[in-house]
Protein chains: 2
Amino acid sequence: MDAVFRALADPTRRQLLDNLHARNGQTLNALCAEMDMTRQAVTKHLAILEEANLVTTLRKGREKEHYLNPVPINEIAERWIGKFERHRLDALSDLKKRLERED
Amino acid sequence: MDAVFRALADPTRRQLLDNLHARNGQTLNALCAEMDMTRQAVTKHLAILEEANLVTTLRKGREKEHYLNPVPINEIAERWIGKFERHRLDALSDLKKRLERED
DNA sequence: TTGACATGCAACCAAATGGTTGCATATTAA
DNA sequence: TTAATATGCAACCATTTGGTTGCATGTCAA
């Protein structure tokens, strides 16, 4: 969970997820082609995404294919965001009332 | 959006959100009491949460009350996570098929 | 088998991050 | 008015982060 949040914090890594979402199973070189940095930098980002289980890889000869794994993101939506979202309206109305009371 | 992800990346800040979720409208000192670090460190974290619009503050004399704002989290759920979640089952079955094909 | 290509590993570096301490300011209460 | 309390601001520091370069390894194809 912690690793997922940390992984999602970086815009480059979110872009990598976007790229994989657009075309799944891309090789490292293919992903690098769309990124404005060295291959090694992209490798590090992908390692962090893999660590967070957001990306799954599949060795294919000398190539490595990368697949988006939506499960951890789904878990955030269900477990963590849901907690706040559940009380969203309550919290908003509480805040509104409180602010109005202060005027 | 970027600021929200960055803000959520830190466990201390998620704990602050948890604390506010448990009891909304806490003052800085109240929040500090539950955190194992200096007041100034907590202040910085709260500033980042405010910057990300995850926390709203209300000056009350010499005190400052902090309120959880669930809207940005809700936006993540709707805009960003939804995008991947929508194709969750597809992606999973794709991956499964692919892995089976490789065996 | 050998050259080209895809990826892996490690050292290194600048900048950002998360924390500290010290002092300043503003408000409440005696 | 003055002491205590609540917060703000700034300098400073260690570690992490995001990037680089250089070289090693493994696989495909001629």
Side-chain angles (χ1 to χ4, degrees), chain A residues 1-20 23-68 98 102-103, chain B residues 1-20 23-68 98-99 101-103:
Chain A
M1 177 61 106
D2 210 76
V4 177
F5 276 112
R6 193 184 146 263
L8 291 176
D10 186 272
T12 300
R13 289 192 286 270
R14 292 201 300 277
Q15 195 190 330
L16 282 168
L17 292 181
D18 284 340
N19 288 349
L20 286 178
R23 188 156 52 94
N24 212 8
Q26 288 186 70
T27 163
L28 172 59
N29 258 354
L31 288 169
C32 286
E34 314 181 60
M35 304 311 240
D36 196 23
M37 65 187 65
T38 61
R39 175 179 57 83
Q40 287 79 354
V42 176
T43 301
K44 285 191 190 177
H45 284 299
L46 287 171
I48 291 172
L49 289 169
E50 238 185 299
E51 177 78 24
N53 209 25
L54 282 162
V55 162
T56 303
T57 62
L58 186 55
R59 201 64 200 245
K60 198 81 174 290
R62 67 179 159 181
E63 294 186 341
K64 191 176 182 181
E65 294 173 339
H66 297 77
Y67 295 90
L68 176 64
R98 185 120 193 173
E102 301 308 319
D103 275 336
Chain B
M1 177 62 104
D2 209 76
V4 177
F5 277 112
R6 194 185 145 264
L8 291 176
D10 186 272
T12 301
R13 289 192 286 271
R14 292 201 299 276
Q15 194 188 332
L16 282 169
L17 292 181
D18 285 340
N19 288 348
L20 286 179
R23 189 157 51 93
N24 212 10
Q26 289 185 70
T27 160
L28 172 59
N29 258 352
L31 288 168
C32 287
E34 314 181 60
M35 303 311 240
D36 197 23
M37 65 186 66
T38 61
R39 175 178 55 83
Q40 286 79 354
V42 176
T43 302
K44 285 190 190 177
H45 283 299
L46 287 172
I48 291 172
L49 289 169
E50 239 184 299
E51 178 78 23
N53 209 25
L54 282 162
V55 162
T56 304
T57 62
L58 186 56
R59 200 65 199 242
K60 199 83 174 290
R62 69 179 157 181
E63 294 186 342
K64 191 176 181 181
E65 294 173 340
H66 296 77
Y67 295 91
L68 177 64
R98 187 119 194 173
L99 286 170
R101 186 145 52 81
E102 300 308 319
D103 274 336

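Just so we're clear, the structure is a prediction, and the values are computed from it rather than from any experiment. Chain naming here is simple, since letters A, B, ... match the order of the sequence lines and numbering starts at 1 in each.
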- Query: If you check the Leu28(B) side chain, which of dT7(D), dG8(C), dG18(C) turns out closest?
  - Reply: dT7(D)
- Thr43(A) or Arg13(B): which one's nearest nucleotide on DNA chain C is closer to the 5' end? Thr43(A)
- Is any side-chain N or O of Lys64(B) closer than 4.0 Å to OP1 or OP2 of dG8(D)? yes
- Message: As a test of reading the structure: which of dT7(D), dG19(D), dG8(C) is closest to the side chain of Thr12(A), going by heavy atoms?
- Response: dG19(D)
- Item | Glu63(A) CD to dT25(D) P, straight-line distance once rounded to whole Å | 21 Å
- Message: Please check if the number of heavy atoms outside Glu51(A) that lie under 6.0 Å from its CD is greater than 12.
- Response: no
- Message: Rounded at 0.5 Å granularity, tell me how far CD in Glu34(B) sits from CZ in Arg23(B).
- Response: 6.5 Å
- Message: Just the rounded figure in Å: distance from P of dC9(C) to CG of Leu46(A).
- Response: 14 Å
- Item | Nearest heavy atoms of Ala9(B) and Ala9(A), plus distance in Å | CB-CB, 3.4 Å
- Side-chain N or O of Thr27(A) less than 4.0 angstrom from OP1 or OP2 on dA6(C)? no
- Let me know the distance between NZ of Lys44(B) and P of dA10(D), rounded to the nearest Å. 12 Å
- Query: Quick one: is Asn29(A) getting a side-chain N or O under 4.0 Å of the dT7(C) phosphate, OP1 or OP2?
  - Reply: yes
- Separation between NE2 of His66(A) and OG1 of Thr56(A), rounded to the nearest 0.5 Å: 10.0 Å
- Give a yes/no answer on whether the side chain of Lys60(A) brings an N or O atom under 4.0 Å of OP1 or OP2 in dT7(C). no
- Task: Let me know the distance between CZ of Arg6(B) and P of dT16(D), rounded to the nearest Å.
- Result: 17 Å
- Query: How close or far is atom P of dA6(D) from atom NE2 of His66(B), stated in whole angstroms?
  - Reply: 14 Å
- Item | Atom-pair distance (CG on Leu58(B); P on dA6(D)), nearest Å | 17 Å
- Item | Nearest-Å distance for atom pair CD/C1', residues Gln26(B) and dA6(D) | 15 Å
- Working for side-chain contact (heavy atoms from CB on, under 4.5 Å), residues Leu31(A) and Leu20(A): CA-CA 8 Å; Leu31(A) 288 169; Leu20(A) 286 178; 4.0 Å; yes
- Taking DNA chain C as the partner, which of residues 33-41 of chain B come within under 4.0 angstrom of it by heavy atom? Met37(B), Thr38(B), Gln40(B), Ala41(B)
- Task: Spell out yes or no: do the side chain of Arg62(A) and the base of dT7(C) have one donor N/O and one acceptor N/O closer than 3.5 Å?
- Result: no
- Message: Could you tell me how far apart Leu16(A) (CG) and dG19(D) (C1') are, to the nearest whole angstrom?
- Response: 14 Å
- Task: May I ask you to decide if Ala52(B)'s main-chain N or O and Arg6(B)'s side chain share a donor-acceptor pair within less than 3.5 Å?
- Result: no
- How far does OG1 of Thr57(B) sit from NZ of Lys64(B), to the nearest 0.5 angstrom? 4.0 Å
